[in-house]
Amino acid sequence: MHAFDVLADPVRRRILELLAEGEQPAGTVGDAVRREFGISQPAVSQHLKVLRESGFATVRPDGTRRLYAVNSEPLRDIDAWLDRFRRYWTPHLDALATELARGRRERRRSENGEDTPRSTP
């Protein structure tokens, strides 16, 4: 299964988000996902299996528990693939950061009673 096929599923993305917080027992992950998505425990197990088999998650036994964690290698591969497209959104994000900073400066000036500079057309 291709990496983007794995990540296309919202349940698997949510599982990865949970695992990004640190190693989690399968039961903890399953409880959260079942509550949020209303799916069965076997369905959660299938999603965990897909994540394991595709390399996105690792599992290690701890007594009777199975502890899952994120495997960052496939995510690095996706990041490398996306790198060629960053040029399309990086300038927009930089411009947004500039506008946000400008808004914060103007807000501070108005809170401090300073005159705010007028925009020139």
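For the atom pair CZ of Arg60 and CG of Leu67, the computed distance is 4.5 Å after rounding to the nearest 0.5 Å. Here the CZ-CG distance, from Arg86 to Leu93, works out to 10.5 Å after rounding to the nearest 0.5 Å. Between atom CG of residue Asp31 and atom CD of residue Gln24 there is a gap of 11.0 Å, rounded to the nearest 0.5 Å. In this structure, Glu36 CD and Glu17 CD are separated by 8.5 Å, a value rounded to the nearest 0.5 Å. For the atom pair Arg12 CZ and Lys49 NZ, the distance stands at 12.5 Å (nearest 0.5 Å).
In this structure Arg105 satisfies the salt bridge (Lys or Arg N to Asp or Glu O under 4.0 Å) test with no other residue, sequence neighbours excluded. Under the side-chain contact (heavy atoms from CB on, under 4.5 Å) criterion, Ser45 pairs with Gln41, not counting sequence neighbours. Under the salt bridge (Lys or Arg N to Asp or Glu O under 4.0 Å) criterion, Asp5 pairs with no residue, sequence neighbours left out.
Closest approach of Leu18 and Ala32 over heavy atoms only: CD1-CB, 3.9 Å. Summarising the geometry of Pro91 relative to Arg87, their closest heavy-atom pair is CD-O, 3.1 Å, with the distance given to 0.1 Å. Here the closest non-hydrogen pair linking Ser54 and Pro74 is O-CG, 4.3 Å. Closest heavy-atom contact between Gly30 and Val44: CA-CG1, 3.7 Å. The nearest pair of heavy atoms linking Ala57 to Leu19 is CB-CD1, 4.2 Å.
Using a cut-off of 4.0 Å between Lys/Arg side-chain N and Asp/Glu carboxylate O, Arg102 and Glu99 are scored as salt-bridged. Between Glu106 and Arg109 there is no salt bridge, since no side-chain nitrogen of the basic residue lies less than 4.0 Å from a carboxylate oxygen of the acidic one.
The closest donor-acceptor contact from the side chain of Arg13 to the backbone of Leu7 lies under 3.5 Å. Within the 3.5 Å criterion, the main-chain N or O of Thr58 finds no donor-acceptor partner in the side chain of Asn71. At distances below 3.5 Å, not a single donor-acceptor pair connects side-chain atoms of Asp62 with backbone N or O atoms of Arg65. Asp79 contributes no side-chain N or O that, together with a main-chain N or O of Leu75, makes up a donor-acceptor pair within less than 3.5 Å.
The ring-ring contact (aromatic ring centres under 6.0 Å, His included) pairs that include a residue from residues 2-53 are His2-Phe4, Phe4-Trp81, where partners are two or more places apart or lie in different chains. For residues 88-98, no pair satisfies side-chain hydrogen bond (donor to acceptor under 3.5 Å, both in side chains), with sequence neighbours left out. Pairs engaging residues 53-79 under the ring-ring contact (aromatic ring centres under 6.0 Å, His included) rule: none recorded [sequence neighbours left out].
Residues Ile15 and Val33 have side chains in contact (heavy-atom distance under 4.5 Å, counting atoms from C-beta outward). Arg34 places none of its side-chain heavy atoms less than 4.5 Å from the side chain of Ser40.
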